[in-house]
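Please read the structure below before turning to the comments.
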Amino acid sequence: MSSQPSNPNGNDRDNGAKPVRKKGIGIGAITAIVVAIAVGVWVSNGNKGGNGTAVANSCDANPEVQTALDEKAIGDLAAVQVTAKGARYDEISFIHENGDEVGFSAFEGNVTLVNFWATWCAPCRAEMPELEALQVDYGDKGFTVATINLDIGDDGLAKAQKFMEEENLSQLPLHRDPTFDAFEVLKKRGVALGLPATLILGPDGCEWGVLAGPAAWHGDDAKAFVETALELADKS
């Protein structure tokens, strides 16, 4: 797994001996404390949108998905952490291959494998052909492989385009985030330390699983995982 480059872009009270009369806490003070705690918890959960704007960032946990996919996270996919506990990534935005700035809502409706990669990342380059094959096999069955390139600099897009052309990766999209902000979100969430980094999202955009590092995405274990995810999506 390759690590990412640097992004270019109260006081104690007086302890005097004089006795004081005990007073209860007023209703107004209690209300203020409760509100402050609620706001603090909401902010600490990282609820930011558009790589910075606060938004609601959760959905219902899904124990059925958790159990079923956990049984399939074996062999080549043993490192996949099945979650399905209600996480969303509304704070992430990136440039769609059509040029629009979008978020993961662009993928809703399908089970989506979101893969963050860069041309300088050797494990990323190695797994891209398998991701291509996975997209070919399941792209017409309600499954999407969404590859988001993180090459930075003025020539970042050209590097990514050249690599994809050389490898004949015609079925994978070239979404990108030249700011590297999306990866910073993953890092703050504890999802990734380096590349590649992969998210499995349900049709509602909620996280079903995460993987830090590469995998054999076109092997039998991966196919069984994807097919189970599609079966679960049909039930939802």
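These values consider heavy atoms only, across backbone and side chains, with no hydrogens, waters or symmetry-generated copies. Quantities reported herein were computed from a predicted structural model and do not represent experimental measurements.
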Least distance between heavy atoms, [X] atom then [Y] atom:
X	Y	result
V80	L211	N-CD1, 3.8 Å
W208	A229	CZ3-O, 3.6 Å
A126	P129	O-CD, 3.5 Å
G209	T83	N-OG1, 3.4 Å
P214	P123	CG-CB, 4.0 Å
N168	E132	O-OE2, 3.5 Å

Going by the rule side chain to side chain contact (heavy atoms under 4.5 Å, CB included), which residues pair with E108 if we only count those two or more places apart in sequence or in a different chain? R88, S105
With a cut-off of 6.0 Å (strictly less than), are more than 12 heavy atoms of other residues, nucleotides or ligands near [atom1] of [X]?
X	atom1	answer
D154	CG	no
K223	NZ	yes
D100	CG	yes
K162	NZ	no
D234	CG	yes
E167	CD	yes

With sequence neighbours excluded, what pairs up with T228 under the side-chain hydrogen bond (donor to acceptor under 3.5 Å, both in side chains) test? none
In chain order, what residues pass the side-chain hydrogen bond (donor to acceptor under 3.5 Å, both in side chains) check against E231, with sequence neighbours excluded?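 E231 satisfies side-chain hydrogen bond (donor to acceptor under 3.5 Å, both in side chains) with no other residue.
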Between [X] and [Y] (side chain of the first, backbone of the second, donor and acceptor by atom type, cut-off under 3.5 Å), is there such a pair?
X	Y	answer
K72	A68	no
D155	A158	no
N149	A160	no
D221	D76	yes

Checking F163 against W120 for the ring pair (Phe, Tyr, Trp, His ring centres under 6.0 Å) test, could you report, in this order, the C-alpha distance in whole Å, the side-chain angles of both residues, the deciding distance, and whether it holds? CA-CA 10 Å; F163 169 76; W120 45 262; over 10 Å; no
4.5 Å side-chain heavy-atom contact, [X] and [Y]:
X	Y	answer
D181	V185	no
F107	V114	yes
L199	F104	yes
R125	T119	yes
C206	N62	no
E207	K85	no
L113	T198	yes
H175	I95	no

Quick one: do [X] and [Y] end up in the same hydrophobic cluster if we chain Ile, Leu, Val, Met, Phe, Trp and Tyr together by side-chain heavy atoms under 4.5 Å apart?
X	Y	answer
V102	L186	yes
L134	V82	yes
M164	V145	yes
L195	L172	no
I148	Y89	yes

Does the side chain of N115 pick up a donor-acceptor pair with the side chain of T147 at under 3.5 Å?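 Not at all, the side chains of N115 and T147 share no donor-acceptor pair under 3.5 Å.
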Going by distance alone, is a donor N or O of one side chain under 3.5 Å from an acceptor N or O of the other, for T112 and N110?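 Absent: no donor and acceptor within the cut-off.
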Output the distance between atom [atom1] ([X]) and atom [atom2] ([Y]), rounded to the nearest 0.5 Å.
X	Y	atom1	atom2	result
E130	Q135	CD	CD	14.5 Å
T179	F94	OG1	CZ	12.0 Å
L174	E165	CG	CD	9.5 Å
L232	E227	CG	CD	12.0 Å
F225	L69	CZ	CG	4.5 Å
I152	D177	CD1	CG	10.5 Å

Hey, what's the ring geometry for Y138 with F143, parallel, tilted or perpendicular (30° and 60° as the breaks)?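 Ring orientation of Y138 relative to F143: perpendicular.
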Before giving the answer on side chain to side chain contact (heavy atoms under 4.5 Å, CB included), spell out for F116 and F180 the whole-Å C-alpha distance, their side-chain angles and the decisive distance to 0.1 Å. CA-CA 10 Å; F116 292 88; F180 222 78; over 6 Å; no
Output, in order, the C-alpha distance, side-chain angles, deciding distance and verdict of side chain to side chain contact (heavy atoms under 4.5 Å, CB included) for R176 and L157. CA-CA 8 Å; R176 59 196 177 93; L157 176 58; 3.6 Å; yes
